[in-house]
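In what follows, a structure is listed as structure tokens, so that the remarks can point back to it.
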Amino acid sequence: MSKKKHQKTITMENLLEGAYLAKGTIGNVGMPGAPIATFSLVVVPSQHTVSGTVVITQAVNGPDNHIVVSVKGKIYATGFGQFTQVVSLHGQYVQSFPPPAIGSFLADFDAHFAIDNAWNGTGGFSYFKHQIENVPVATAKNLQEQLA
């Protein structure tokens, strides 16, 4: 006769335990012409997952001035220092070829950042022919009170 091992039953309730919403920006907000990635993410720390939407805006004319990307990624605790969490995001969006070419393709979006518990820190992101590094990550003002 074999012994049955005790297995933890995973339910939707404990699968999403501790989930919360994180909103903020990556980039030099206030710098004219700087690309800014605004994120709205559902964070599930128990699963080390994040998912949501990133909107990249830039105060310039052209196809790159407003891009919406559905993203998924990972979040991990660092266990030390000023930055207590690291986050990585990845997604794809439809990018149009620059004129005079006609057509579009799926382009990659990637982001990475190191943040404190209030979602403030530093990071970067990349998308079609753009690489932004070492820029501020800041939580949305209305979430600061909730996360503190």
Side-chain angles (χ1 to χ4, degrees), residues 8 10-148:
K8 184 176 181 180
I10 297 177
T11 63
M12 187 57 78
E13 185 177 300
N14 62 17
L15 183 66
L16 298 176
E17 187 175 337
Y20 64 92
L21 179 65
K23 288 181 160 187
T25 57
I26 311 167
N28 290 311
V29 175
M31 181 182 286
I36 305 298
T38 302
F39 58 85
S40 180
L41 305 169
V42 174
V43 182
V44 185
S46 63
Q47 302 299 311
H48 303 288
T49 62
V50 293
S51 61
T53 304
V54 171
V55 178
I56 305 166
T57 55
Q58 192 172 6
V60 295
N61 289 329
D64 292 344
N65 66 358
H66 187 86
I67 299 168
V68 179
V69 187
S70 182
V71 295
K72 294 197 304 191
K74 296 289 186 181
I75 183 168
Y76 291 101
T78 62
F80 61 91
Q82 159 187 356
F83 299 124
T84 56
Q85 303 173 94
V86 290
V87 178
S88 64
L89 300 173
H90 177 74
Q92 291 185 314
Y93 65 96
V94 176
Q95 172 71 51
S96 297
F97 288 111
I102 297 173
S104 58
F105 61 96
L106 279 179
D108 288 324
F109 167 86
D110 290 289
H112 56 276
F113 40 97
I115 51 172
D116 61 18
N117 288 339
W119 281 70
N120 294 303
T122 188
F125 60 99
S126 64
Y127 61 106
F128 182 65
K129 296 187 178 182
H130 300 277
Q131 181 75 39
I132 295 87
E133 291 291 346
N134 198 25
V135 293
V137 175
T139 190
K141 298 291 183 221
N142 60 345
L143 283 180
Q144 283 182 344
E145 304 84 47
Q146 295 174 29
L147 293 173

Subject >> Shortest non-hydrogen contact between Tyr93 and Val68, atoms and distance >> reply: CB-O, 3.7 Å

Subject >> Phe83 side chain near Val137 side chain, heavy-atom distance below 4.5 Å >> reply: no

Subject >> Close side-chain approach of Leu21 and Ser40, heavy atoms under 4.5 Å >> reply: yes

Original post:
Of all residues at least two apart in sequence or in a different chain, which pass the side-chain contact (heavy atoms from CB on, under 4.5 Å) check with Thr57?
Top reply: Ile36, Val55, His66

Original post:
Is a side-chain N or O of Asn134 found less than 3.5 angstrom from the main chain of Gly124, in a donor-acceptor match?
Top reply: no

Subject >> Reported CD1-to-CD1 distance for the pair Ile115 and Ile26, which is rounded to 0.5 angstrom >> reply: 9.5 Å

Original post:
Between Lys72 and Thr49, is any pair of side-chain heavy atoms under 4.5 Å apart?
Top reply: no

Original post:
Are side-chain heavy atoms of Leu89 and Phe125 found at a separation under 4.5 Å?
Top reply: no

**OP:** Of all the heavy-atom pairs spanning Ser88 and Val50, show the shortest one and how long it is.
**Re:** O-CG2, 4.1 Å

Original post:
Are the side chains of Lys74 and Val87 in touch, meaning some heavy atoms are under 4.5 Å apart?
Top reply: no

Subject >> Mutual orientation of the aromatic rings belonging to Phe128 and Phe105 [parallel < 30°, tilted 30-60°, perpendicular > 60°] >> reply: perpendicular

**OP:** Using distance alone, with no hydrogens and no angle criterion, decide if Asn65 and Gln58 have a side-chain donor and acceptor under 3.5 Å apart.
**Re:** no

Original post:
When rounded to the nearest 0.5 angstrom, what is the spacing between OG1 in Thr25 and CZ in Phe39?
Top reply: 6.5 Å

Original post:
Where the side chain of Thr139 meets the backbone of Trp119, is there a donor-acceptor pair that is under 3.5 Å apart?
Top reply: no

Original post:
How close do Asp116 and Gln85 get, heavy atom to heavy atom, and via which atoms?
Top reply: O-NE2, 3.4 Å

Original post:
Under the 3.5 angstrom rule, does the side chain of Thr122 hit a backbone N or O of Val135 as a donor-acceptor pair?
Top reply: yes

Subject >> Nearest heavy-atom neighbours spanning Pro45 and Tyr20 >> reply: CG-CE2, 3.8 Å

Subject >> Heavy-atom closest contact (Val71 atom, Phe109 atom, distance) >> reply: CG1-CD2, 3.8 Å

Original post:
More than 12 non-hydrogen atoms from neighbouring residues, nucleotides or ligands closer than 6.0 Å to CG on Leu106, yes or no?
Top reply: yes

Original post:
Distance from Gln82 atom CD to Thr84 atom OG1, nearest 0.5 Å?
Top reply: 9.5 Å

Original post:
What are the two closest non-hydrogen atoms of Ile67 and Gln95, and how far apart are they?
Top reply: CD1-OE1, 4.4 Å

Subject >> Spacing of OG1 belonging to Thr53 relative to NZ belonging to Lys23, to within rounding of 0.5 Å >> reply: 10.5 Å

